[in-house]
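All values reported here derive from a predicted model rather than from experimental measurement. When reading the values below, keep in mind they use all heavy atoms of this one structure, side chains included, and skip hydrogens, waters and symmetry mates.
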Amino acid sequence: MPPLSTPPHPLAALLRSSARRRDRTACRKLHAHLLKSGLHQRRPFPSALLDAYAKSGFLSDARCLFDESSHRDAVLYSALLSALSHSDRPSQALSLFRRMVYVDAVPPDGFIFASLVKTCSRIGFLRLGKQAHAQFLLSSFYTDDVVRSSLVDMYSKCCAVDDARKVFDTVPDKNHVCWTAMVSGYASNGRKSEALGLFWQMPRRDLFAWTALIAGFLQSGDSFDAVKLFVEMRRNQVEIDDSFVLSTVVGASSDLAALELGRQLHGLVLALGYKSSMILGNALVDMYAKCSDIRSARAVFEGLVMRDVISWTTMVVGEAQHGRADDALDLYDKMVLAGVKPNEVTFTGLIYACSHAGLVQKGRELFDSMEQDHGIRPSLQHYTCLLDLLSRSGHLTEAENVINSMPYVPDEASWGALLSACKKQGDTSMSVRMADRLLGLKPKDPSTYILLSNTYAAAGKWDSVASVRKLMAEMDVKKEPGYSWIDLGKESCLFRAGEVPYTMRHEIIRLLNELANEMNKRGYVPDTRSVMHDVEENEKEQQLFMHSERLAVAFGLLKSIPGTTIRVIKNLRICLDCHNVIKLISEITGREIVVRDANRFHHFEVGKCSCGDFW
DNA sequence: GTAGGGTTAG
């Protein structure tokens, strides 16, 4: 006969179900009842109550219970440590752990080791994770497989995949959690073939395993294969009974700027009944914004039942990248009115919006308000946004004062922001000064080298141009080749500069020539400043004529349904001349054209661009 | 009574 286990107290069962529903009111009622009946200090209620508050998202209530408790044993510590390790400030678990060991002299058990390792995984603290591993092996719990699974996860998250594999191999009877942790580890660290190999060796592949694999591919930058795997998962008829995998694959379509795919996924989300999921809603808002369909993004946002700081921030950033600064600022006011606290990401989006619309004073105010009104210390990235804001609108001296007095060491991005603005405004001596500082940092980004080389060339400093080239060779920096991509749902096409697909060659060239005639009538003169190669003027014009974004727009005009918006994605920034040309094309053809470049979105309509030529 | 794997914003 197996030993009879004590049935759970009916109130404990009620607490657990309230926690699952995240029902804080129910927790409070039960808490009151326990207090009145004097049961609150009897086992299992101290830890069950704490756990219920924590799991329904009220960590401060859980913390209060812990602090007021007179008897803090391993179970109570374990409940709070677990809650903190899952919170948005997992490092708090470390100070609690120290208090447990040094103040209350409670020795860690298997539960506590698991939470400690989880904390190290969340904050990426490999050194401490290794110490915890060593202590665990010395303890009497060294055979605990739950802790081993958390160690597999911890090593993977700290990029030590081979160490994760060593732990994985020591587990005799691996369960799903352990397999999934290892598959996720390989996938998210870019070890694709090992991830797939292990995945297909799994005894059974459930939704968790598929999600881990797909999310891992996405994390390591392989959105295309992430989507392919999702299709394979559907073919394998895996039931989707939670929304994790959907938000992951919606994220992949944002990355790919694949609007048609995103629309289909939106349909699937509705069909599977996840209309009211906030996380999925947030992912969809971001997807539509990144796929250049800002109106649909806004429609999904307006339809959200619940909005958290991520929902608002996603929408603010979306409006900002589409050059709709007024809408971004208006959203911010509504967000504050709705009682949602902005965070550091919200301010990045807001200052970016001001910067791209030339709203200097408003941007300065927001930057100051960040710390004054919201207690958020500006990061280096915020300072870089401020530098961009000031320098773009011609406040170069003020910007130079900021970069020299800010409480951070400026990096490649900060000097780069300042330099590109100086150069655009033709301040040669300041440009050279900035360029010299930037060159000293041995930059990594190919576009920085192009910027440096152009700056020195414009100033006639040919010896500096030569040293830029030399450093590029030393650092093995190669300019990324430009390409543009258009997705019409039924067919999509990728264009590189100067290359036209054979089957469409005549039609595309003929259309571009017809458009050029019309443009010439309207006074268009090619702006060859964007052509870097040292060639004759008419050769430069010929190169511009075949820029990838133009080829993609021409393809879109020929192939898309008349009257629909043409959406083009470019991997680098759009060139000055193409910007002029596409404005004219939008006027001549009466079509709306949206280009997503490396930096932002350009909406071309009736001869104008949403960026106001200020990008 | 307490633990381990997979989702959203710059």
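Applying the side chain to side chain donor-acceptor pair (under 3.5 Å) test to Ser254(A) and every residue at least two apart in sequence or in another chain returns nothing. With sequence neighbours left out, Lys290(A) forms a salt bridge (charged side-chain N to carboxylate O under 4.0 Å, His left out) with Asp286(A). Among residues two or more places apart in sequence or in another chain, the side chain to side chain donor-acceptor pair (under 3.5 Å) test is passed with Ser121(A) by Asp153(A). Residues satisfying the ring-ring contact (aromatic ring centres under 6.0 Å, His included) criterion with Trp179(A), sequence neighbours excluded, are Phe168(A).
Here the side chain of Val177(A) is nearest to one of dT7(B), dG1(B), dG4(B), namely dG4(B). Residue Thr248(A) has its side chain nearest to dT7(B) when only dG10(B), dG6(B), dT7(B) are considered. Distance from the side chain of Asp153(A) is smallest to dG5(B) among dA9(B), dT2(B), dG5(B). Closest to the side chain of Thr314(A), from the set dG5(B), dG6(B), dA9(B), is dA9(B). Residue Asp206(A) has its side chain nearest to dG5(B) when only dG1(B), dG5(B), dT7(B) are considered. For Ala114(A), the listed nucleotide lying nearest its side chain is dA3(B); candidates were dG6(B), dA3(B), dG5(B). In this structure, the nucleotide among dG4(B), dA9(B), dG1(B) sitting nearest to the side chain of Lys118(A) is dG4(B). When each of dG6(B), dT8(B), dT2(B) is scored by its nearest atom to the side-chain atoms of Thr211(A), the top-ranked nucleotide is dG6(B). Residue Ala181(A) has its side chain nearest to dG5(B) when only dA9(B), dG5(B), dG1(B) are considered. Which of dA9(B), dT8(B), dG4(B) sits closest to the side chain of Lys290(A) comes down to dA9(B).
Between the CD1 atom of Ile376(A) and the P atom of dG10(B) there is a distance of 17 Å, given to the nearest Å. We find that CG of Asn599(A) is positioned 14 Å from P of dG10(B), with the value rounded to whole Å. Atom-to-atom, CZ of Phe230(A) to P of dT7(B) comes out at 15 Å; the value is rounded to the nearest Å. With rounding to whole Å, Ile112(A) atom CD1 is found 12 Å from dA3(B) atom P. In this entry the distance linking OH of Tyr288(A) with P of dT8(B) reads 18 Å, nearest Å. Look at NE2 on His71(A): it is 13 Å from C1' on dT2(B), rounded to the nearest Å. Between Met278(A) atom CE and dT8(B) atom P there is a gap of 13 Å when expressed in whole angstrom units. Rounded to an integer number of Å, the gap from Asp173(A) CG to dG4(B) C1' is 16 Å.
Taking only side-chain nitrogens and oxygens, Lys157(A) never comes nearer than 4.0 Å to OP1 or OP2 of dG5(B). For dA9(B), the OP1/OP2 oxygens have no side-chain nitrogen or oxygen of Gln321(A) closer than 4.0 Å. Taking side-chain N and O atoms only, Lys55(A) has a distance below 4.0 Å to OP1 or OP2 of dA3(B).
Against DNA chain B, the stretch residues 80-96 of chain A makes heavy-atom approaches under 4.0 Å through Ser82(A), His86(A).
Ring-centre distance between Phe224(A) and Phe217(A): not below the 6.0 Å cut-off. For Trp210(A) and Phe199(A), the ring centers are positioned less than 6.0 Å apart.
Ala215(A) comes within 4.0 angstrom of sugar-phosphate atoms only, judged by non-hydrogen atoms across all strands, and of no base. If you check every strand for non-hydrogen atoms under 4.0 Å, Val75(A) touches a base.
A distance cut-off of 5.5 Å between ring centres, combined with a plane angle under 30°, places Phe208(A) in a stacking arrangement with the base of dG5(B).
Pairs passing the salt bridge (Lys or Arg N to Asp or Glu O under 4.0 Å) check and including a residue from residues 298-322 of chain A, sequence neighbours excluded, read Arg298(A)-Glu302(A), Arg298(A)-Glu319(A), Glu319(A)-Arg324(A).
At a cut-off of 3.5 angstrom, counting only N and O atoms as typed in the model, there is a donor on one side and an acceptor on the other between the side-chain of Ser47(A) and the base of dG1(B). Residue Ser78(A) places a side-chain atom within donor-acceptor reach of the base of dT2(B), judged by atom type and a 3.5 Å distance cut-off alone. A donor-acceptor contact under 3.5 Å is not formed by the side chain of Asp109(A) with the base of dA3(B). In this model, no side-chain donor or acceptor of Asn175(A) finds a partner on the base of dG5(B) within 3.5 Å.
In this structure, Asp222(A) does not pair ionically with Lys228(A), as no charged nitrogen and carboxylate oxygen lie closer than 4.0 Å.
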Query raised in the report: For Arg99(A) and Asp67(A), what are the C-alpha separation, side-chain angles and deciding distance, and is it a salt bridge (charged side-chain N to carboxylate O under 4.0 Å, His left out)?
Result: CA-CA 12 Å; Arg99(A) 177 170 158 191; Asp67(A) 290 334; 3.8 Å; yes

